[in-house]
There are 2 protein chains.
Amino acid sequence: MQTTGDQHLVKKINKTIVLDTIIKHSPLSRAQLSDMTGLHKGTVSTLVNELIDEKLVYEIGLGRSSGGRKPVMLVFHKTAGYAVGVDLGVRYILAVLTDLEGRIVGELQLDLEGGEPEGVLKLVEEAVHSLKAGAPPSPYGIVGAGIGVAGIVDDNGIVLLAPNLGWENVELQRLLQEKLGFPVAIDNEANAGALGELQYGAAREASDIVYLSVGTGIGAGIVIGRQLMKGSGGFSGEIGHTTIETNGKKCRCGNKGCWEQYASESSVMEKARTLGIGKFDELIALARRESPEAVRLFHEVGESLGIGIANIVNTFNPELILIGNQMTRAEQWIRNPIERAVAHRSLPYSRQQAQIRFASLDTHSAVLGAAHHAISAFFSKDRVTL
Amino acid sequence: MQTTGDQHLVKKINKTIVLDTIIKHSPLSRAQLSDMTGLHKGTVSTLVNELIDEKLVYEIGLGRSSGGRKPVMLVFHKTAGYAVGVDLGVRYILAVLTDLEGRIVGELQLDLEGGEPEGVLKLVEEAVHSLKAGAPPSPYGIVGAGIGVAGIVDDNGIVLLAPNLGWENVELQRLLQEKLGFPVAIDNEANAGALGELQYGAAREASDIVYLSVGTGIGAGIVIGRQLMKGSGGFSGEIGHTTIETNGKKCRCGNKGCWEQYASESSVMEKARTLGIGKFDELIALARRESPEAVRLFHEVGESLGIGIANIVNTFNPELILIGNQMTRAEQWIRNPIERAVAHRSLPYSRQQAQIRFASLDTHSAVLGAAHHAISAFFSKDRVTL
DNA sequence: GACACTTTGTATATCCATTATACAAAGTTT
DNA sequence: AAACTTTGTATAATGGATATACAAAGTGTC
């Protein structure tokens, strides 16, 4: 039994349009809203007044006249509530408190040494509580938390497998939600990153993008029509395990020649270790000092990255490919090799439209995406889009 | 200025729901419709009566009583109009006339030897006219034509490149529409095939599928949430040119190690030629007679197909992968090698959900998908879905 | 067969969004 | 100061959906 149409639905649709327009273009008058949305003046008035009652919008006073009565300017009440975003990495927990526009108002980072789910959960809980304590008073309080996890997450917020954390079948969503007392949403780290860039970063204007989280492994957050493509079980984007070398290096996953064996941070570090370099930071530092070996390693990983990116270009015809996570730090050395490989290996028509860029939110793509997930869940009750 | 909500929209939404339900479950009474859709009895009555006026639905008489007044049974008027589907292959033109439910009521096939767009267009036009002449009289007549082309097609129905036809920048949609006098829709062959299987074939119940057209090359029609994923310019699905062997065989596209160099019909035939076999039919015949060489060739191509399919499984997490076009004919020899390769090379969670099957419409996936495109365009004026 | 009960489908009233119209308030321009 | 503009609200009209009542046409039971 699908959702049918009635007046209530119409109102939801129009209210969504009005609120979205205010969020995107405020400050704005009712008259301007009517012009921009095509809704009748009276309709806009009614809806805006309801939004004001709900504390989601408020009036900031009069604007400039253009030959008549001065308009009352409206703005989105971005501090009507706050959201928490958590990036649950392998070696760290990064947590932020944001307002409803995704602006960071509190941040907290702590190191992690893997460990049992219970212990890590405790730490996450503490981090969230401490951020919550720092949140200014607001009508809605903390509207929810979003967590981005470096692992495979299913539709029910269960972490099926997080190899680098050593987790299997952890009911993260349920456990955290019980402890925190507000809604919790779980996503994998690449999807969270894609959401973050889509909403607040380099992909704000884009529609079809692929966000690549290049760290220990390679994961993709795939966005089609500004919506995450999650796959039938929520497992899509495990693109690091696609084969780019039929009889290539063995991978932990059981396959041979997986992309991430050639293009991930781990794959560079494996080679770097033969040069006596143990940490990614050191390798970056070496490359900065123009060490030919370090630069060569990055050139190699860049070419390998380019191969997989060309595959993405041919498969998805996206308008934008964003490279995120640790590997962004090597941008200056890998950019050219990537572009060369893509130029050689992708089809002209798709390549023309595909921009390749680096994540603009830096290390914060995933954590902001997670926060956005919470914010969007908060609004989703009253939202309908066509 | 987005579409806003009003009563007209509500009516469209509900009418769409009612018509879709009738199409899917007819024969059906108004009372049953009310139950199934959740719409009020009176609303259903009004909408059904309008659909009857529009000749899209009619009453076939009384049904069984279940302890009260007998219901009036309604059915979709599937012959209220007809659609034309054309599969414009490299060596043939296959055209069908279908009713509004996609059932074939006329078919026509002719050989093609490549050639200039003008000549081919003329042939297509003649084929369509001859099918149109055979269509029974109906309220709406021919509602439109859909064409599936073996090449790269953009959003405006321009065939940017059809290497095997030798075409470049042919304004197929405009040219045909002018000549035929009814709406024409152009798709590439893989997208058309995906649509066909989605609507009338093995994917009728599925939501996220990848249809692989494995012929001269390999193209994919990617369906997410029962919608074609077209990419930002309409060029998505050129999956045959993804790299599975970094330094592999050279491809016409300029890349090395493209999947279709190992897993397409052409790639098998290239090997077959060294055995003195010139036609795919011969190779199939040989394999039927259990020729070890022929069977070995198919085993090899099966394994290669499996590699790319595993990549698809990991990337998309689809519920269904359909293998279509010429290669379906080798099903009995390639099925096991494909499954073995996928089992070795894809991640367990995604693999569990991914069924791999062969196109159930056989050689007609694309032509029926093309016809469906025309039908759905005809209905789209009055359709809104949430 | 009479009676009670069900089921179907329509007719009419009510509800509630939007739009249309009118208008008051508060500007600018000449 | 007078004429015109612009903004925002109040009230009526419009057109959908739902709610209610009811007639028509069944079934089942004694």
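Chain identifiers are assigned alphabetically (A, B, ...) following the order of the sequence lines, protein sequences preceding nucleic acid strands; residue numbering begins at 1 within each chain. No experiment lies behind these values; they were computed from the predicted model shown.
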A/Asp187 vs A/Val153, side chain to side chain contact (heavy atoms under 4.5 Å, CB included): CA-CA, chis, key distance, verdict:
CA-CA 6 Å; A/Asp187 252 324; A/Val153 176; over 6 Å; no
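There is no side-chain donor-acceptor pair under 3.5 Å between A/Asn156 and A/Gln173.
Protein atom CG of B/Asp6 is 19 Å distant from nucleotide atom P of C/dC16, rounded to whole Å. As rounded to whole Å, 21 Å separates atom P of D/dT5 from atom CZ of A/Arg64. The CD1-C1' distance, from A/Ile13 to C/dT19, rounds to 16 Å in whole Å. In this entry the distance linking NZ of B/Lys12 with P of D/dG15 reads 16 Å, nearest Å. One can place NE2 of B/His8 at 23 Å from P of C/dC16, the figure rounded to the nearest angstrom. The separation between B/Leu9 atom CG and D/dT14 atom C1' is 16 Å, rounded to whole Å. A/Leu28 has its CG atom 14 Å from the C1' atom of D/dT7, to the nearest Å. As a whole-Å value, the separation of B/Ile17 CD1 from D/dG16 P is 16 Å.
Shown here is A/His8, whose NE2 atom has no more than 12 heavy atoms of other residues, nucleotides or ligands within 6.0 Å.
Comparing A/Ser66 and A/Gly5 by the nucleotide of DNA chain D that holds the closest heavy atom to each, the one mapping nearer the 5' end is A/Ser66. Two residues, A/Gly67 and A/Leu47, neighbour DNA chain C, and the one matched to the more 5' nucleotide by heavy-atom proximity is A/Leu47. The nearest heavy atom of DNA chain C to A/Asn14 and to A/Lys41 marks one nucleotide each, and the one closer to the 5' end goes with A/Asn14. Residue-to-nucleotide proximity on DNA chain D shows that, of A/Val72 and A/Gln7, the 5′-proximal contact is made by A/Val72.
Residue A/Thr43 places at least one side-chain N or O closer than 4.0 Å to OP1 or OP2 of C/dT19.
Judged by atom type and distance alone, A/His40 reaches the base of C/dA20 through a side-chain donor-acceptor pair under 3.5 Å. One donor-acceptor pair, N or O on each side, does fall under 3.5 Å between the base of D/dT7 and the side chain of A/Arg69. Evaluation of atom-type donor-acceptor distances gives no pair under 3.5 Å for the side chain of B/Lys11 against the base of D/dG16. Between the base of C/dG27 and the side chain of A/Lys70 there is no donor-acceptor pair shorter than 3.5 Å.
Closest to the A/Pro71 side chain, of the nucleotides C/dT28, D/dA17, D/dT7, is D/dT7.
Counting non-hydrogen atoms under 4.0 angstrom, B/Thr4 reaches nothing in the nucleic acid. Residue contacts shown for A/Thr46 are absent, as no nucleic acid heavy atom lies under 4.0 Å away.
Side-chain atoms of A/Glu319 never come within 3.5 Å of backbone atoms of A/Ala206 as a donor-acceptor pair (strictly under, hydrogens ignored). For the pair B/Arg30 (side chain) and B/Thr46 (backbone), a donor-acceptor distance under 3.5 Å is absent.
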